[in-house]
Q: 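Got a structure for you, written out below as structure tokens; questions coming shortly.
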Amino acid sequence: MAAKIDFGPLFQPLQIGAVTLRNRVLMSALTRNRALPTNVPNDLMVEYYRQRAESAGLIVSEGILICQQGTEWPHAPGIWNQDQIVGWKKINDAIHEAGSQSFAQIWHLGRVSHPEAPEQIASGQPVYGPSAIAARGGKFRFLPGTPGYVTPTEIDDPMKLIALYKQAAINAKEAGFDGVEVHGANGYLVHEFLDSGSNLRMDSWGGSIENRSRFGLEVLNAVSEVWGPDRVGIKLSPAGGYNDMGMPLEETLETYNYFIAQVDKLGLAYIVLQRYTQFLDPIIDGKRRAIDHDVIGAYGHLVKKSTLLSNGSFTPEEAARAVSEGKVVGVFWGQLWVSHPDLAKRIQNGKATDTPIDLHTLYGNTAGTTLDDQRVGYTDYPFAEYPSL
């Protein structure tokens with residue numbers, strides 16, 4: 001008979017920088033594409049976050065666009081104008097009333113937006129990347145012919161983009177968040193500068209590992225000026241894969257050993273290392289794209305001044321063991337929070353976490369045209385039943 005798993009380690013309070021969390025069952029950023037009709041958070045999103053805040057130790061918002069961008073998700077929320085700030089303030093009020101804490105994941109997609117997307121056209125800006133190199137893949141279903149990614153415009157002065165991150169951090173503070181998480185993973189802008197496959201620059205922003213690391217470090221310094229480093233986190237995905245990312249293993253190890261060591265010197269609230277998952281590893285030219293390796297084993301020892309967190313298809317049992325063994329101090333989940341709005345409470349009470357996700361509504365209910373239609377597969381997943389006290 002298998003030994004009963006002790007989930008107690010997941011329900012100890014946790015200090016991340018200046019923020020105290022009530023438990024270590026954390027909700028990672030989840031794109032849900034519900035900011036209809038434009039990019040402004042709405043009352044439906046308030047309910048979605050409130051449900052999950054009733055038990056989560058920390059909620060990291062879905063990726064929040066730091067400027068108008070033509071993403072694959074036309075209803076992803078932003079934080080560049082006052083209406084959006086007000087919308088996020090309502091969400092954060094609900095999160096705090098439910099007893100949880102919130103970090104804003106600030107997000108620039110870099111080369112994986114599309115110049116013909118309405119939001120990109122409205123921005124009046126080209127699709128920028130570190131270099132004029134297109135990612136393979138992409139599927140813009142709302143555009144004629146369902147095109148994929150295209151060759152971006154090489155940004156002339158990356159400091160222009162860093163200024164957008166800083167303004168987003170300022171806006172996130174006004175919106176009532178408890179901190180910000182820089183999205184440095186999954187083939188978006190920070191990741192694109194770090195990876196030698198998407199950054200072929202020959203100036204001080206490219207070439208050597210030190211130069212490729214500069215953009216991400218400058219972003220962290222800029223947002224830390226707003227929040228203080230003890231309210232800033234960063235998410236990294238060294239295994240790559242998603243959005244056509246990944247360097248040979250030796251170069252990956254060298255790059256991330258340097259970058260994570262430099263990031264840790266900043267004394268951030270946390271560094272979250274995303275493990276390899278097949279869900280984020282596309283098949284390109286007949287083979288998996290990612291560089292599958294033991295991310296926690298390779299880089300976890302580098303995190304000394306910050307708090308080491310992780311995500312990537314953990315089972316609750318595996319997470320409890322990882323925390324009790326000191327491999328990480330807290331675990332983020334994504335997909336399990338989609339279909340289990342009470343995930344932390346379920347784990348604590350030994351309830352099942354096997355409700356399937358409706359993939360057809362994961363990124364919006366395409367069969368519906370109203371905001372009420374978007375409740376399907378969003379706020380209508382069931383809570384478990386718990387005995388009355």
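Every value quoted in this text rests on a predicted model; they were computed, and no experiment measured them.
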Q: I'd like to know if the side chain of Asp195 reaches the main chain of Gly246, judged simply by a donor and an acceptor atom lying under 3.5 Å from each other, with no hydrogens or angles considered.
A: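 Checking the backbone N and O of Gly246 against the side chain of Asp195, a donor-acceptor pair under 3.5 Å is found.
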Q: I'd like to know if the side chain of Asn221 and the backbone of Leu217 have a donor-acceptor N/O pair within less than 3.5 Å.
A: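 It does hold such a pair.
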Q: For Val150, does its backbone N or O pair with a side-chain atom of His114 as donor and acceptor, under 3.5 Å?
A: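 Such a contact is absent between His114 side chain and Val150 backbone.
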Q: Output all residues satisfying side-chain hydrogen bond (donor to acceptor under 3.5 Å, both in side chains) with Asn81, sequence neighbours left out; order by chain, then residue number.
A: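 Asn81: no side-chain hydrogen bond (donor to acceptor under 3.5 Å, both in side chains) contacts found.
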Q: Check this for me, if you would: do Glu54 and Lys345 make a salt bridge, where the nitrogen-to-carboxylate-oxygen distance has to be below 4.0 angstrom?
A: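 No.
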Q: For the NZ atom on Lys173, are there more than 12 heavy atoms of other groups (residues, nucleotides or ligands in this structure) within a distance under 6.0 Å?
A: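 Correct, the count exceeds 12.
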Q: Consider only side-chain N and O atoms of Gln68 and Gln125, and report whether a donor and an acceptor are under 3.5 Å apart.
A: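 Gln68 vs Gln125: no donor-acceptor pair found between side chains.
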Q: Take atom CD in Glu385; do more than 12 heavy atoms of anything else shown fall under 6.0 Å from it?
A: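 Not more than 12 within 6.0 Å, no.
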Q: Who passes salt bridge (Lys or Arg N to Asp or Glu O under 4.0 Å) against Glu154, sequence neighbours left out?
A: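 Checked Glu154 against salt bridge (Lys or Arg N to Asp or Glu O under 4.0 Å); matches are Arg201.
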Q: Is a side-chain donor or acceptor of Arg24 paired with a backbone partner of Gln12 at a separation under 3.5 angstrom?
A: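 Yes.
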Q: Less than 4.5 Å apart, side chain to side chain, heavy atoms only: is that true for Arg289 and Asp281?
A: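 Contact flag for Arg289/Asp281 side chains = yes.
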Q: Under the salt bridge (Lys or Arg N to Asp or Glu O under 4.0 Å) test, which residues partner Glu251, sequence neighbours left out?
A: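 For Glu251 the salt bridge (Lys or Arg N to Asp or Glu O under 4.0 Å) partners, ignoring immediate neighbours, are Arg212.
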Q: Please verify the inter-ring angle class for Phe177 with Trp88; under 30° counts as parallel, over 60° as perpendicular, anything in between as tilted.
A: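 Aromatic pair Phe177/Trp88 classed tilted.
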Q: Is the NZ or CZ atom of Arg32 both under 6.0 Å from the centre of the six-membered ring of Tyr378 and within 45° of that ring's axis?
A: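 No, Arg32 does not lie over the aromatic ring of Tyr378.
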Q: Could you please spell out the steps behind the side-chain contact (heavy atoms from CB on, under 4.5 Å) verdict for Leu26 and Leu21?
A: CA-CA 9 Å; Leu26 317 175; Leu21 310 181; 3.9 Å; yes
Q: Less than 4.0 Å between a side-chain N and a carboxylate O, is that true for Arg321 and Glu325?
A: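 Looking at Glu325 and Arg321, the cut-off is not met.
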Q: Counting only heavy atoms not in Lys351, do more than 12 fall under 6.0 Å of its NZ?
A: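 Enclosed.
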Q: Hey, does Gln84 have a side-chain heavy atom less than 4.5 Å from the side chain of Pro77?
A: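 They are not in side-chain contact.
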Q: Write down the atom of Ile5, the atom of Ala320, and the distance for their closest heavy-atom approach.
A: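 It is CG2-CB, 4.1 Å.
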Q: Hey, could you give me the CZ/CH2 distance between Arg34 and Trp73, rounded to the nearest 0.5 Å?
A: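 Here the rounded value is 14.0 Å.
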Q: Mind listing the closest non-hydrogen atom pair of Ser339 and Ile357 along with its distance?
A: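 Nearest heavy atoms, Ser339 then Ile357: OG-CG1, 3.8 Å.
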Q: Would the distance check show the side chain of Ser310 and the main-chain N or O of Val331 forming a donor-acceptor pair, the cut-off being under 3.5 Å?
A: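 No, because the side chain of Ser310 does not come within donor-acceptor range (under 3.5 Å) of the backbone of Val331.
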Q: Can you list every pair that meets side chain to side chain donor-acceptor pair (under 3.5 Å) and has a residue in residues 127-145, with sequence neighbours left out?
A: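 Residue pairs with at least one partner in residues 127-145: Arg136-Asp244, Arg136-Asp285.
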Q: Does Asn171 reach the main-chain N or O of Ile85 with its side chain, forming a donor-acceptor pair under 3.5 Å?
A: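 No; judged by distance alone, with no hydrogens or angles, the pair does not exist.
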Q: Shortest non-hydrogen contact from Gly129 to Glu192?
A: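 Smallest heavy-atom distance, with atoms named: CA-OE1, 4.2 Å.
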Q: Going by atom types alone, do Asn186 and Gln274 pair a side-chain donor with an acceptor below 3.5 Å?
A: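 Yes - a donor-acceptor pair under 3.5 Å links their side chains.
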Q: Closest heavy-atom contact between Ala168 and Ile79?
A: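 That would be CB-CG2, 3.9 Å.
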Q: Angle between ring planes, Tyr270 versus Phe103, binned at 30° and 60°: parallel, tilted or perpendicular?
A: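 Ring orientation, 0 to 90° scale: tilted.
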Q: If we check side-chain hydrogen bond (donor to acceptor under 3.5 Å, both in side chains) with Gln105, which of these qualifies: Glu62, Glu181, Lys235?
A: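 Answer to the side-chain hydrogen bond (donor to acceptor under 3.5 Å, both in side chains) test with Gln105 among Glu62, Glu181, Lys235: Glu181.
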Q: Assess the residue pair Gln82 and Glu174 against the criterion (side-chain hydrogen bond (donor to acceptor under 3.5 Å, both in side chains)); give the C-alpha distance rounded to whole Å, side-chain angles, the decisive distance to 0.1 Å, and a yes or no.
A: CA-CA 10 Å; Gln82 195 61 38; Glu174 184 180 347; 3.0 Å; yes
Q: Quick one: ring pair (Phe, Tyr, Trp, His ring centres under 6.0 Å) pairs with a partner in residues 226-247, sequence neighbours left out?
A: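 Counting only pairs at least two positions apart or across chains, no ring pair (Phe, Tyr, Trp, His ring centres under 6.0 Å) contact touches residues 226-247.
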Q: Please tabulate, one pair per line, all N/O donor-acceptor pairs under 3.5 Å involving side-chain atoms of residues 295-304, not counting sequence neighbours.
A:
from	atom 1	to	atom 2	distance (Å)
Tyr299	OH	His293	NE2	2.8

Q: Is there a donor-acceptor contact under 3.5 Å from the side chain of Arg288 to the main chain of Pro282?
A: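 No; judged by distance alone, with no hydrogens or angles, the pair does not exist.
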Q: Say whether Ser306 and Asp264, considering side chains only, have a donor N or O and an acceptor N or O under 3.5 Å apart.
A: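 Side chains of Ser306 and Asp264: pair found under 3.5 Å.
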Q: Just by modelled atom types, is the Gln374 backbone N or O under 3.5 Å from a matching donor or acceptor in the Asn365 side chain?
A: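 No, because the side chain of Asn365 does not come within donor-acceptor range (under 3.5 Å) of the backbone of Gln374.
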Q: So, does Gln51 use its side chain to make a donor-acceptor pair with the main chain of Thr379 at under 3.5 Å?
A: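 Looks like yes, one N/O pair under 3.5 Å.
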Q: Show your reasoning for whether side-chain contact (heavy atoms from CB on, under 4.5 Å) applies to Ile155 and Phe215.
A: CA-CA 12 Å; Ile155 180 68; Phe215 185 83; over 6 Å; no
